[in-house]
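Below: one structure, written as structure tokens.
First the proteins, then the strands, lettered A, B, ... as listed; each starts at 1. Small disclaimer: the values here were computed from a predicted structure and weren't measured.
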There are 2 protein chains.
Amino acid sequence: MSRTLNNQETVDADLADRVRAAAAELGYRRNGLARSLRLQRADVWALIISDIANPFFTAIARGVEDVAQREGFSVVLCNTDEDPAKEAQYLEVAEQEQVSGVILSPNEIGSDISQLTRLGVPVVAVDRPLRERVDSVLVRSAAGAQEATEHLIDAGWRRPACITGPETAQTAIQRLTGYRRALVARKKRPAASLVRHADYRADRAATATAELMDGRNPPDSFFVANSEMALGVLQELRRRGLRVGEDVGLVAFDNAPWTAFTDRPLSVVAQPAYEMGVLAGELLIERVGVPLDQQPAPRVRRLPTELIVRGSSLRP
Amino acid sequence: MSRTLNNQETVDADLADRVRAAAAELGYRRNGLARSLRLQRADVWALIISDIANPFFTAIARGVEDVAQREGFSVVLCNTDEDPAKEAQYLEVAEQEQVSGVILSPNEIGSDISQLTRLGVPVVAVDRPLRERVDSVLVRSAAGAQEATEHLIDAGWRRPACITGPETAQTAIQRLTGYRRALVARKKRPAASLVRHADYRADRAATATAELMDGRNPPDSFFVANSEMALGVLQELRRRGLRVGEDVGLVAFDNAPWTAFTDRPLSVVAQPAYEMGVLAGELLIERVGVPLDQQPAPRVRRLPTELIVRGSSLRP
DNA sequence: GCGTTTCGAGTAAACGATTTCCCAGAGTAG
DNA sequence: CTACTCTGGGAAATCGTTTACTCGAAACGC
């Protein structure tokens, strides 16, 4: 039976046909659980991301999924909502369900994947690095942030603020670093009063914008670390009757589909999200089923960003 | 062991502690596969949606996930990309993995879930109906579409076009129906030349817009059946130098986060996506683990839409 | 024609948990 | 003191597959 269905070794063609016919007749479906239990592996990958509503991560998910589909794996998509507890829970689920690989965008650099690696389950970090040495697909966030901020200054804005992600997220840290480097490169003094951490969420970014604008020496422009937060900034600026690309400048990370159609069109730092997903999937493929002693050394891929200048960052 | 870890019946407290201590010591993790095999069920739901990049579906996913988390289930998210073959594949995976429930937004009304129902796996349809009688969470799409189109006409637009989804999708059909009803209600003759099916995708909608505008008697406004396609329409209109809410009118389904910030802000038909996910999860909860003969009759919930008027649908 | 090899197919063990069954030993009543 | 009841926990069956092992028959060479 098993031999027939898996087309293994030499099975008499006639018998094989009869078996298949009988299986079809009885509506036989093989039990994936039993199969996985026996094989000690499931043809499933876990993809653990921090925000399913963020187009950046859904683009990654599509990339991963395309590779998985091609290679015969199913993808279990888990959404951690930037919550370390949820992340830990899903990592445990992945372990219990014996997935053959995990692609993770960790909440923080110290996320604990030791259980998985001990069991030989390959892990690929995507978007954000891990302290443990694993395959990683990262973006040159600092360089992208620096380019964006320098562009703001070169466009004539005097006091760019930075609204970045949570202090625990490496991407948030790197984008802040890039912002600071740009100020230094353009002979400006980085001021802590112009920096806010806003958890990558729109509403937190709106609050941060309000705080900055109500400050003693408000900024005249914003570098924002993702597109969700850009929405929050836009909302707060509109509430104050300020026009982007007119009264204030704005550049944000992520080339979300809608950014070209806002009033003004948003200047963005585009990340190759889909390609990151594909790359992560391909790195994983090279590890699943490979004996531990033949595994390649951990590889790190850093992809460049691309600054796309539209109206929001320009002065009238 | 099993009895200890599941806190069953009367186990001596001391022994239970020793067992737990030993388990912790040895780093014991129970094998979810073996457990599910023996129990003939996995504490997993499959959520099969047609477009992971669409914020409407990700909002549903969040609703489902919140309920699942609360009830102790994990959610496997499957993306069919509007492809019936992928949908069939994921339905089979769901069956093989013995999930305890499936929430599905079917590609077409005839999607085959008979294997699942025969095995007693409860299925909830969300967003789109199924011919088979199952629990369903739907939206009053036709009413929403009618209201939106009537609003366009009442705002002074003379020739509203309709760009809807694929002909196989029930939501697309219903929104088209609502559009037609609005024309009739406003004493206009529905013209087939003003209707396009565009697969719910931005690029197809851009093409459809170009076709309509190049037609003999072009429309002066658009009712668009989802927010993805609205982006395509905006793109094509911009390419032609036409301003929304000025030269042409526009109303679209889905209150995506960015719709308030386009130039002009988009008038939209808001769907209660998160609530739909929650409701679907709650309907499922009432079936998982319930014997077949005690299952309630299939229930259908129809949720209302809400028209949100912003600038894009108004005449100057 | 007999011994050896080959090849297909049937049988049974194993994967790791849950759960039923059963027994030993304690406890209680007569 | 004996007999019966009760209870905690050990042993074994079970879930549905894969796979190693075994065995019978056919084929081949000498």
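A straight line from CZ of B/Arg29 to P of C/dC15 spans 21 Å, rounded to a whole angstrom. Put simply, CD on A/Glu97 is 12 Å from P on C/dA17, counting in whole angstrom units. Protein atom CD of B/Gln96 is 16 Å distant from nucleotide atom C1' of D/dC15, rounded to whole Å. One interatomic measurement links the two molecules: CZ of B/Arg18 to P of D/dG8, which rounds to 15 Å at whole-angstrom precision. Rounded to an integer number of Å, the gap from A/Asn31 CG to D/dT14 C1' is 13 Å. In this structure, A/Asp43 places its CG atom 15 Å from P of D/dT17, rounding to the nearest Å.
Looking only at distances, a side-chain donor or acceptor of B/Asn79 sits under 3.5 Å from a matching main-chain atom of B/Ile52. Under the 3.5 Å distance criterion, the side-chain polar atoms of A/Asp199 are left unmatched by any main-chain donor or acceptor of A/Gly165.
Between B/Glu95 and B/Tyr90 the shortest side-chain heavy-atom distance does not fall below 4.5 Å. The side-chain heavy atoms of A/Leu104 and A/Val126, taken from C-beta on, include no pair separated by under 4.5 Å.
Here the rule is side chain to side chain contact (heavy atoms under 4.5 Å, CB included) with B/Pro84, and of B/Asn107, B/Thr168, B/Asp112 only B/Asn107 fits it.
When the side chain to side chain contact (heavy atoms under 4.5 Å, CB included) test is applied to A/Asp51, the partners found at least two apart in sequence or on another chain are A/Ala53, A/Asn54, A/Phe57, A/Glu228, B/Arg62.
The residue A/Arg41 sits apart from the nucleic acid: no heavy atom pair falls under 4.0 Å.
Between the axis at the start and the axis at the end of the helix from C/dG1-D/dC30 to C/dG30-D/dC1 there is an angle of 60°, using five pairs per end and rounding to 10 degrees.
Side chain of A/Leu39, nearest nucleotide from D/dC15, D/dT18, C/dG16: D/dT18. Here C/dC15 is the nucleotide among C/dA17, C/dC15, D/dT17 with the atom lying nearest to any side-chain atom of A/Leu37. The side chain of B/Arg38 sits closest to C/dT18 out of C/dT18, D/dT17, C/dG16.
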Check residues 117-124 of chain B and write down every donor-acceptor pair under 3.5 Å in which the side-chain atom is one partner and the other belongs to a residue at least two apart or another chain.
residue	atom	partner	partner atom	Å
B/Thr117	OG1	B/Ile113	O	3.3
B/Thr117	OG1	B/Ser114	O	2.9

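In this model, the phosphate group of C/dA17 is approached by a side-chain N or O of B/Tyr28 to a distance below 4.0 Å at OP1 or OP2. Proximity of A/Gln40 to the phosphate of C/dA14: no side-chain N or O atom is located under 4.0 Å from OP1 or OP2. Considering only side-chain N and O atoms, B/Arg30 lies under 4.0 angstrom from the phosphate OP1 or OP2 of C/dT18.
Residue A/Arg35 places no side-chain atom within donor-acceptor reach of the base of D/dT17, judged by atom type and a 3.5 Å distance cut-off alone.
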